[in-house]
Amino acid sequence: MKITSQYDDGVARLSLSGELDMSTTQQLHDQVTTALAGARLRSLVIDAVDLDFCDSSGIQALVHSRSAATRQGVAFQLANARGVTRRVLQVTGVLDELSR
């Protein structure tokens, strides 16, 4: 998996590409931790437009990312989930919660 980070006016955008699974969740955790350590962060956006696959450990990592952001008073949004990733998130019932 590759994660590209962009920071602009209090918004951190982490763009994911590849597969979010047991072998790559630590990368997401590390990037989220770094982003949340930033000064004056208002919002954390996880952009899943190029995320090809997400298993249960990936879903757990996304939910934990949202929880970490919320604990720090930072808005969280999962954006652009599509294809198999979107379907998995819908079936498991977390898409709406992560996409708000």
Side-chain angles (χ1 to χ4, degrees):
M1 181 174 68
K2 180 180 176 185
I3 303 175
T4 304
S5 304
Q6 296 175 315
Y7 298 90
D8 186 33
D9 196 28
V11 177
R13 181 177 211 83
L14 304 179
S15 299
L16 311 182
S17 62
E19 298 182 356
L20 181 57
D21 58 22
M22 186 174 20
S23 67
T24 60
T25 56
Q26 187 63 46
Q27 284 178 262
L28 179 61
H29 173 76
D30 293 345
Q31 290 290 323
V32 167
T33 299
T34 298
L36 292 175
R40 293 180 270 185
L41 189 65
R42 293 181 292 110
S43 180
L44 173 62
V45 177
I46 305 292
D47 189 340
V49 71
D50 291 322
L51 190 61
D52 300 322
F53 176 78
C54 182
D55 71 2
S56 61
S57 59
I59 293 169
Q60 183 179 23
L62 291 169
V63 170
H64 282 268
S65 297
R66 181 181 186 274
S67 296
T70 301
R71 278 193 306 272
Q72 292 191 21
V74 174
F76 177 92
Q77 180 185 20
L78 177 68
N80 301 316
R82 59 183 182 82
V84 173
T85 298
R86 182 178 186 81
R87 182 70 180 135
V88 166
L89 294 171
Q90 284 176 322
V91 168
T92 58
V94 298
L95 181 63
D96 288 342
E97 188 67 27
L98 295 173
S99 299
R100 292 185 202 187

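We're numbering straight along the sequence, starting at 1. The analysis underlying the following values was restricted to heavy atoms, covering all of them including side chains, and did not include hydrogens, waters or symmetry mates.
Using a 4.5 Å heavy-atom cutoff, the side chains of Ser43 and Gln77 are not in contact. Side chains of Ile46 and Leu98 form no contact here, defined as non-hydrogen atoms less than 4.5 Å apart. The shortest distance between side-chain heavy atoms of Gln60 and Asp55 does not fall below 4.5 Å.
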- Query: When you look at Asp30 and Ile3, which way does the side chain to side chain contact (heavy atoms under 4.5 Å, CB included) test go after all the steps?
  - Reply: CA-CA 10 Å; Asp30 293 345; Ile3 303 175; over 6 Å; no
- Query: Passes side chain to side chain contact (heavy atoms under 4.5 Å, CB included), Leu16 versus Thr24? Steps please.
  - Reply: CA-CA 11 Å; Leu16 311 182; Thr24 60; over 6 Å; no
- Message: Does Val94 form a side chain to side chain contact (heavy atoms under 4.5 Å, CB included) with Leu62? I'd like the steps, not just the answer.
- Response: CA-CA 9 Å; Val94 298; Leu62 291 169; over 6 Å; no
- Query: Where do Met1 and Asp52 land on the side chain to side chain contact (heavy atoms under 4.5 Å, CB included) test, with the steps shown first?
  - Reply: CA-CA 10 Å; Met1 181 174 68; Asp52 300 322; over 6 Å; no
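Remark: side-chain polar atoms of Thr85 are not paired, donor with acceptor, to backbone N or O of Ala81 under 3.5 angstrom. Using a distance-only test at 3.5 Å, with no hydrogens or angles considered, a donor-acceptor pair links the side chain of Arg42 to the main chain of Asp9. Checked by atom type and distance alone, the side chain of Thr92 pairs as donor or acceptor with a backbone atom of Leu89 at under 3.5 Å.
Qualifying salt bridge (charged side-chain N to carboxylate O under 4.0 Å, His left out) partners for Arg71, counting only residues two or more places apart in sequence or in other chains: none. In terms of the salt bridge (charged side-chain N to carboxylate O under 4.0 Å, His left out) criterion, Asp8 has no residue partners (sequence neighbours excluded).
Cluster membership check: Leu95 does not share its hydrophobic cluster with Val45, using side-chain heavy-atom separations under 4.5 Å among Ile, Leu, Val, Met, Phe, Trp and Tyr. Follow the hydrophobic side-chain contacts under 4.5 Å out from Val49 and you never reach Phe76; the two are in separate clusters. Residues Phe53 and Val63 do not share a hydrophobic cluster, clusters being chains of Ile/Leu/Val/Met/Phe/Trp/Tyr side chains in contact below 4.5 Å.
The structure places CD of Gln31 at 6.0 Å from CG of Leu14, a figure rounded to the nearest 0.5 Å. Taking OG from Ser57 and CD from Gln26, the interatomic distance works out to 11.5 Å, rounded to the nearest 0.5 Å.
Scanning all heavy atoms of the two residues, the minimum distance from Leu44 to Ala69 falls at CD2-CB, 4.4 Å. Residues Thr4 and Lys2 share a closest heavy-atom pair of OG1-CE, 3.9 Å. Taking all atoms of both residues into account, the shortest heavy-atom contact from Val11 to Leu41 is C-CD1, 4.0 Å.
Each of Val88, Thr25, Leu20 was scored for a side-chain contact (heavy atoms from CB on, under 4.5 Å) with Ile59, with one residue passing: Val88.
Arg87 CZ: 12 or fewer foreign heavy atoms inside a 6.0 Å radius.
Judged as a salt bridge (charged side-chain N to carboxylate O under 4.0 Å, His left out), the pairs with a partner in residues 13-28 (not counting sequence neighbours) are, in order, Arg13-Asp47.
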